[in-house]
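Okay, structure first, notes after.
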Amino acid sequence: MDQQFQGEGAPAWAVQDGGLANPPLGFPGSYFANPAEDYAWDQFWRNAPAPDGVGLQDHLAAAWAHVAQAFRNDPRVFGYELLNEPWPGTLWEPCLLPLLGCPLFDSTLTAFYRGVVAAVRAADSGTVIWFEPNVLFNEGIVTHLGTIADPRTGLAFHDYCGPESIGLGNTLCGPQDDLTFANAKSYAGKRGIPQLLTEFGATDDLANLSDMVARADRNRVGWMEWAYTGNDKTSSSPNGQALVFDPSRPPTGDNVNAAKLKVLAEPYPQAVAGTPTSWSFSSGTFRLSYSTVRPNGAGSFPAGSETDIAVPPVHYPNGYSVQVTGGIAACAPNATTLCILSSPTASMITVTVTQPG
């Protein structure tokens with residue numbers, strides 16, 4: 001969303017609003033009731049020419065190729081996510097039908113992704129590329145996004161509870177959130193690609209956040225929560241949804257929402273030498289089980305292979321106790337990373353982390 005729609009994103013030269021009405025509705029109101037913004041999205045999806053005669057999508061693809069060229073050998077780059085929350089534009093209403101979705105727009109979105117992926121791959125053959133369904137997927141709407149035929153891609157999806165965002169509480173969130181996760185699993189599973197929850201939260205409702213983290217654990221999905229910092233003009237409640245209120249100050253003391261940190265900073269498996277079957281965290285107890293079989297089914301990890309588990313001190317200020325079957329705990333006692341080495345005859349390993357005494 002461009003600055004002229006009270007957001008951030010596209011440069012002014014890339015926004016073609018057709019001279020339509022531009023009421024200052026901000027985020028997310030402009031999506032649903034701003035004719036100028038919807039028209040600008042329409043122009044982007046038809047690859048309308050920019051002032052230089054080059055298509056808007058072509059400009060974005062070239063920008064991604066430039067970024068990929070610059071970062072292609074940087075081991076710190078986790079991946080490229082091509083477009084945040086793609087909006088269907090003027091014809092968004094049909095996309096709200098939960099079981100039908102938006103096949104026509106999703107076809108347009110698929111073609112866009114295929115073009116940008118090709119541009120990135122011309123500059124960088126190895127870095128993972130993440131792509132999102134249209135933004136209404138967040139509300140449990142099925143996707144008709146096609147296959148992006150590249151072996152190093154993954155599905156990035158968001159999950160926000162619509163009823164809670166308009167003041168109805170989180171009572172109705174569970175079924176919607178379960179449906180969003182099921183849709184993501186279905187799409188990614190059919191194509192053999194990973195899935196990653198790249199946004200959820202945007203709230204101080206700790207019960208909602210706790211429920212979402214537990215849901216991600218049950219589904220064995222990694223996640224990123226929105227938002228780390230405050231002072232974000234694109235958010236409906238910039239400081240109300242922040243973990244760190246002022247990004248210009250150190251993330252300590254009263255600059256951190258301590259209650260939210262305790263919900264989000266849970267133990268989790270960082271790297272598993274095998275295939276995880278489940279993990280969970282509740283009331284100070286973390287449990288992980290995994291087999292030594294490689295996720296692609298091509299044999300098993302050898303004895304002594306290492307699994308790493310993050311153990312945040314916020315839950316274990318006095319250290320922790322570890323029980324392992326099928327392996328041994330390595331690394332220093334009470335380290336923030338717990339290392340598990342598999343035993344010679346183990347095919348299944350279980351780990352339990354508890355608070356001492």
Side-chain angles (χ1 to χ4, degrees), residues 1-5 7-16 40-89 105-135 137 143 145-158 184 187-188 191-199 222-229 232-234 247 270-271 295-296:
M1 189 167 65
D2 182 64
Q3 290 185 358
Q4 72 190 67
F5 307 126
E8 294 176 324
W13 59 261
V15 178
Q16 301 180 12
W41 278 107
D42 293 345
Q43 298 307 99
F44 178 79
W45 295 125
R46 76 174 188 87
N47 199 23
D52 64 356
V54 176
L56 296 173
Q57 291 186 24
D58 298 328
H59 270 293
L60 182 58
W64 266 119
H66 180 78
V67 170
Q69 178 71 31
F71 288 99
R72 61 180 178 172
N73 295 318
D74 192 330
R76 297 166 296 181
V77 174
F78 178 71
Y80 309 128
E81 185 172 341
L82 301 182
L83 186 64
N84 181 64
E85 296 191 342
W87 179 250
F105 173 72
D106 285 349
S107 176
T108 298
L109 185 60
T110 301
F112 163 71
Y113 282 144
R114 288 172 177 167
V116 180
V117 167
V120 170
R121 285 294 177 242
D124 181 345
S125 62
T127 303
V128 175
I129 299 173
W130 298 91
F131 56 90
E132 292 188 24
N134 79 69
V135 66
F137 180 93
T143 183
L145 195 65
T147 298
I148 312 300
D150 184 284
R152 297 186 63 80
T153 57
L155 179 72
F157 71 101
H158 298 177
Y187 179 89
R191 290 158 179 82
I193 62 174
Q195 52 178 311
L196 179 65
L197 177 61
T198 50
E199 276 191 40
W223 54 261
M224 305 175 192
E225 194 265 348
W226 184 275
Y228 180 73
T229 63
D232 180 6
K233 67 180 180 180
T234 66
Q270 292 180 309
N296 63 4

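All values below come from the heavy atoms of this structure, side chains included, with hydrogens, waters and symmetry mates left out.
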Are Val116 and Tyr80 packed together at the side-chain level, in the sense that at least one heavy-atom pair is separated by less than 4.5 angstrom? no

Heavy-atom distance under 4.5 Å between the side chains of Thr108 and Arg46, does that happen here? no

Tell me the closest heavy-atom pair linking [X] and [Y], and the distance in Å.
{"X": "Ala40", "Y": "Val15", "result": "CB-CG1, 3.9 Å"}
{"X": "Ala50", "Y": "Gln16", "result": "CA-NE2, 4.1 Å"}
{"X": "Arg121", "Y": "Asp150", "result": "NE-OD2, 2.8 Å"}
{"X": "Ala68", "Y": "Val120", "result": "CB-CG1, 3.9 Å"}
{"X": "Trp223", "Y": "Glu225", "result": "CE3-N, 3.8 Å"}
{"X": "Ala184", "Y": "Gln195", "result": "CB-OE1, 3.5 Å"}

Atom pairs and distances, donor-acceptor, side-chain atoms in residues 81-89, under 3.5 Å, two or more places apart:
| from | atom 1 | to | atom 2 | distance (Å) |
| --- | --- | --- | --- | --- |
| Glu85 | OE2 | His158 | ND1 | 2.8 |
| Trp87 | NE1 | Tyr31 | O | 3.4 |
| Trp87 | NE1 | Asp38 | OD1 | 2.9 |

One pair to check against side chain to side chain contact (heavy atoms under 4.5 Å, CB included): Phe157 and Thr143. What are the steps and the verdict? CA-CA 11 Å; Phe157 71 101; Thr143 183; over 6 Å; no

Going by the angle between their ring planes, with limits at 30° and 60°, are Phe131 and Tyr113 parallel, tilted or perpendicular? tilted

Students often mix this up, so state it plainly: with edges at 30° and 60°, are the rings of Trp41 and Phe44 parallel, tilted or perpendicular? perpendicular

Find the distance between [atom1] ([X]) and [atom2] ([Y]) and round it off to the nearest 0.5 Å.
{"X": "Leu155", "Y": "Ile193", "atom1": "CG", "atom2": "CD1", "answer": "5.5 Å"}
{"X": "Leu109", "Y": "Ile148", "atom1": "CG", "atom2": "CD1", "answer": "7.5 Å"}
{"X": "Gln69", "Y": "Trp64", "atom1": "CD", "atom2": "CH2", "answer": "14.5 Å"}
{"X": "Phe71", "Y": "Thr127", "atom1": "CZ", "atom2": "OG1", "answer": "10.5 Å"}

Sub-3.5 Å donor-acceptor pair from the side chain of Arg114 to the main-chain atoms of Thr147, do we have one? yes

How far apart are the C-alpha atoms of Glu132 and Thr198, what are their side-chain angles, what is the distance that settles it, and do they pass the side chain to side chain contact (heavy atoms under 4.5 Å, CB included) test? CA-CA 9 Å; Glu132 292 188 24; Thr198 50; 4.3 Å; yes

